[in-house]
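Structure, as structure tokens:
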Amino acid sequence: MVVQLFNSGIVSGPENLVLPAIPYFSERHVVVFLVERRLGERGRLPIEHARQLGLRAEAVEVRSRVDLLAVHQLRKLLRSLKPKVVHAHDVKASSYLWLASRGEEWKKVSTHHGVEGRPDWKTKAYEYFYSQVVLPRMNVAITVSREDEFTLKRRGLENVLFVANGATRRLWKAGERETERKRIRSLWNVELGGITDDTHVVGMLARLSAEKRHLYFLHTLACLREKHPSLKWRFLAFGSGTMEQSLRAEAKRLGIDNACHWMGYRPDAAGLVPGLDLVAFSSQAEGFPIAAIEAGWAGVPIFASNVGALPELVSTGRTAGGLIFPREQEPRHTAESLAWLLGHPKERERLGTRLQNRVAREYSAQAWVGRMEELYRTI
């Protein structure tokens with residue numbers, strides 16, 4: 001039996017990667033969440049989400065930043081479950097697993113969901129402690145991008161292994177996709193107004209956090225409007241976070257607030273991707289975003305900075321599934337690339353089809369499960 005261990009107040013990348021894939025595993029899985037008391041009812045949302053998927057989900061309440069009682073309760077729960085492998089995701093879950101596992105026989109796996117891009121000095125300090133103290137004590141430390149694998153190895157870790165993410169969603173074929181696109185656009189037009197068949201809709205599916213660089217993308221969109229005033233577009237940001245008010249204020253200052261919509265966290269966001277013309281990532285750093293894989297299943301091309309696993313997924317040349325731009329590039333240059341992509345619908349369709357074919361072939365949930373089952377067998 002395998003235990004998947006999370007610490008999260010929202011259903012984000014790690015949960016969207018693992019939870020829907022669990023039915024594909026041959027071995028039984030139990031999901032355990034560290035639930036922080038300070039989050040109140042919001043902290044239980046991921047547990048309810050897991051249970052709605054039909055999974056067994058257990059909770060360990062965490063009352064403070066380092067809660068030794070929670071460590072004891074986690075150890076007690078794991079002993080009762082008798083797992084062969086406990087797989088923790090990111091910093092806090094992995095730290096608690098390390099503390100709860102002393103003297104125990106189960107194998108310990110940790111997935112590091114992004115080395116760079118921590119939003120402040122505190123989370124950067126936690127990440128460094130995690131990589132230097134916790135990860136060396138795991139049987140395997142997984143990274144979701146080659147970039148992160150190389151970074152951790154440069155820090156001296158030897159037990160590091162890159163495993164590409166995978167997720168399975170509905171595959172939208174060309175004719176179906178156009179019908180669904182029109183249906184979703186009509187809903188958005190009712191909700192937001194001004195979205196018609198000839199409106200270019202660019203979406204970003206990411207928490208509103210500094211490392212995702214929504215601010216950079218707003219400046220890109222401002223340049224787009226200045227240089228290409230006749231281009232009709234809307235920007236839809238799916239996600240929640242502490243930066244929402246400041247981002248709204250900046251969009252207003254830039255004079256583009258009438259075209260920018262803050263959609264909030266939506267559990268059905270993946271199902272809305274076929275309504276988009278592009279899925280954008282302007283991040284300072286990434287691991288392997290599940291939203292990029294979801295774009296592939298929908299046949300929607302990606303417009304992204306060259307960070308994490310995004311360049312590997314999108315590729316270049318004749319196999320490209322989108323357009324990659326340099327992270328350091330000035331917004332005015334990024335705006336020109338965006339304008340070109342929005343102005344060439346047939347090329348977007350070709351890019352989306354290529355991305356869809358690659359995702360279905362290499363980045364499905366079944367492919368990810370196969371990679372993980374092999375790892376669990378061999379550690």
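In this structure, the side chain of R371 engages the main chain of A164 through a donor-acceptor pair within 3.5 Å. Distance alone, capped at 3.5 Å, is enough to place a donor-acceptor pair between the T151 side chain and the E147 backbone. Using a distance-only test at 3.5 Å, with no hydrogens or angles considered, no donor-acceptor pair links the side chain of R183 to the main chain of T179. When atom types are taken as modelled, the side chain of R213 and the backbone of S282 share a donor-acceptor pair closer than 3.5 angstrom. Judged by distance alone, the side chain of R38 and the main-chain N or O of G43 form no donor-acceptor pair under 3.5 Å. Listed for the S145 side chain is a donor-acceptor partner under 3.5 Å among the backbone atoms of D148. Using a distance-only test at 3.5 Å, with no hydrogens or angles considered, a donor-acceptor pair links the side chain of R327 to the main chain of Q284. Checked by atom type and distance alone, the side chain of D277 never pairs as donor or acceptor with a backbone atom of V202 at under 3.5 Å. R358 places a side-chain N or O within donor-acceptor distance of the main-chain N or O of L313, the cut-off being under 3.5 Å. Side chain of D197 to backbone of K182: no donor-acceptor contact under 3.5 angstrom is found.
Sorted by first and then second residue, the ring-ring contact (aromatic ring centres under 6.0 Å, His included) pairs involving residues 4-55 (not counting sequence neighbours) are F6-F33, F6-H89, F25-H29, F25-W368. Sorted by first and then second residue, the pairs that involve residues 288-309 and meet side-chain hydrogen bond (donor to acceptor under 3.5 Å, both in side chains), not counting sequence neighbours, are R169-E294. Within the structure, the salt bridge (charged side-chain N to carboxylate O under 4.0 Å, His left out) test picks out the following pairs touching residues 221-241 (sequence neighbours left out): D198-K232. Note on residues 247-290: pairs passing ring-ring contact (aromatic ring centres under 6.0 Å, His included), not counting sequence neighbours, are F288-Y363.
Taking every heavy atom of both residues into account, L218 and I256 meet most closely at O-CD1, 3.4 Å. Scanning all heavy atoms of the two residues, the minimum distance from A295 to I302 falls at CB-CG1, 4.1 Å. Of all non-hydrogen atoms in R354 and A320, the two that sit nearest each other are CD-O, 2.9 Å. Here the closest non-hydrogen pair linking I290 and A167 is CG2-CB, 4.1 Å. The two residues I184 and G271 have their closest heavy-atom pair at CD1-O, 3.7 Å. Here the closest non-hydrogen pair linking V62 and A70 is CG2-CB, 4.1 Å.
Contact of the E58 side chain with the L77 side chain is registered, since non-hydrogen atoms from C-beta on lie closer than 4.5 Å. In this structure, Q356 and R177 have side chains that are in contact, with non-hydrogen atoms separated by less than 4.5 Å. By the 4.5 Å heavy-atom criterion applied to side chains, M372 and I142 are counted as neighbours. Side chains of L310 and P289 form a contact here, defined as non-hydrogen atoms less than 4.5 Å apart. Contact of the L236 side chain with the W188 side chain is registered, since non-hydrogen atoms from C-beta on lie closer than 4.5 Å. Counting only heavy atoms from C-beta outward, the side chains of R248 and E244 approach each other to under 4.5 Å. Using a 4.5 Å cut-off on side-chain heavy atoms (C-beta onward), L247 and L215 make contact. With contacts defined as side-chain heavy-atom distances shorter than 4.5 Å, the pair K82/M1 does not qualify.
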Original post:
Between E373 and R377, does a side chain to side chain contact (heavy atoms under 4.5 Å, CB included) hold up when you go through it step by step?
Top reply: CA-CA 6 Å; E373 287 194 319; R377 280 194 299 268; 3.9 Å; yes
**OP:** Take E349 and K346 through the test salt bridge (charged side-chain N to carboxylate O under 4.0 Å, His left out) and record every step on the way to the result.
**Re:** CA-CA 5 Å; E349 185 176 352; K346 290 185 178 179; over 6 Å; no
**OP:** Could you give me the CA-CA distance, side-chain angles and deciding distance for V273 and W172, then say whether side chain to side chain contact (heavy atoms under 4.5 Å, CB included) is met?
**Re:** CA-CA 10 Å; V273 173; W172 290 97; over 6 Å; no
Subject >> Test side chain to side chain contact (heavy atoms under 4.5 Å, CB included) applied to E180 and R170, step by step >> reply: CA-CA 12 Å; E180 183 67 1; R170 176 171 176 174; over 6 Å; no
Original post:
Going through the checks in order, is the salt bridge (charged side-chain N to carboxylate O under 4.0 Å, His left out) test met by E347 and R350?
Top reply: CA-CA 5 Å; E347 182 61 20; R350 281 193 291 268; 2.7 Å; yes
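Side-chain atoms of T199 and T196 form a donor-acceptor pair, as typed in the model, at a separation below 3.5 Å. Using modelled atom types, one finds no donor on one side chain facing an acceptor on the other under 3.5 Å when comparing E330 with H219.
Open room surrounds CZ on R28; 12 or fewer heavy atoms of other groups in view lie less than 6.0 Å from it. Other residues, nucleotides and ligands place no more than 12 heavy atoms under 6.0 Å from the CD atom of E105.
Using the six-membered ring where Trp is involved, F325 and Y216 have ring planes that are parallel, under 30° apart on the 30 and 60° scheme.
V2 and L34 are members of different hydrophobic clusters when ILVMFWY side chains are connected at heavy-atom separations under 4.5 Å. The hydrophobic cluster containing M204 also contains L231, counting ILVMFWY residues as joined when their side-chain heavy atoms lie under 4.5 angstrom apart, directly or transitively. A continuous path of Ile, Leu, Val, Met, Phe, Trp and Tyr side chains, each step under 4.5 Å between heavy atoms, connects V71 with L81, placing both in one hydrophobic cluster. Criterion: ILVMFWY side-chain heavy atoms under 4.5 Å apart, direct or through other members. Under it, L17 and V86 are not part of a common hydrophobic cluster. At a threshold of 4.5 Å between side-chain heavy atoms, the hydrophobic network of Ile, Leu, Val, Met, Phe, Trp and Tyr places L69 and V60 in two separate groups.
Partners of K76 by side-chain contact (heavy atoms from CB on, under 4.5 Å), not counting sequence neighbours: none found.
Taking CG of L221 as the reference point, atom CG of L254 lies at 9.0 Å (rounded to 0.5 Å). The OH atom of Y130 sits 5.5 Å away from atom NE2 of H112, with the distance rounded to the nearest 0.5 Å. The distance from atom CD1 of I22 to atom CD of E27, rounded to the nearest 0.5 Å, is 12.5 Å. Here CG of L74 is found 5.5 Å from CG of L5. Values are rounded to the nearest 0.5 Å. Interatomic distance, CG of L187 versus CG of L192, reported as 10.0 Å (0.5 Å rounding). The distance from the CZ atom of F217 to the OG atom of S283 is 11.0 Å, given to the nearest 0.5 Å.
A salt bridge does not link E41 with R44: none of the charged nitrogens is closer than 4.0 Å to a carboxylate oxygen. In summary, E149 and K153 engage in a salt bridge, as defined by a charged side-chain N under 4.0 Å from a carboxylate O. In this structure, R253 pairs ionically with E250, as a charged nitrogen and a carboxylate oxygen lie closer than 4.0 Å.
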Distance-only donor-acceptor hits, side chain of residues 92-101, under 3.5 Å, sequence neighbours excluded:
| from | atom 1 | to | atom 2 | distance (Å) |
| --- | --- | --- | --- | --- |
| S94 | OG | D90 | O | 2.6 |
| S94 | OG | S110 | OG | 2.6 |
| S95 | OG | V91 | O | 2.9 |
| Y96 | OH | R65 | O | 3.2 |
| Y96 | OH | D67 | N | 2.9 |
| S101 | OG | L97 | O | 2.6 |
| S101 | OG | W106 | NE1 | 2.8 |

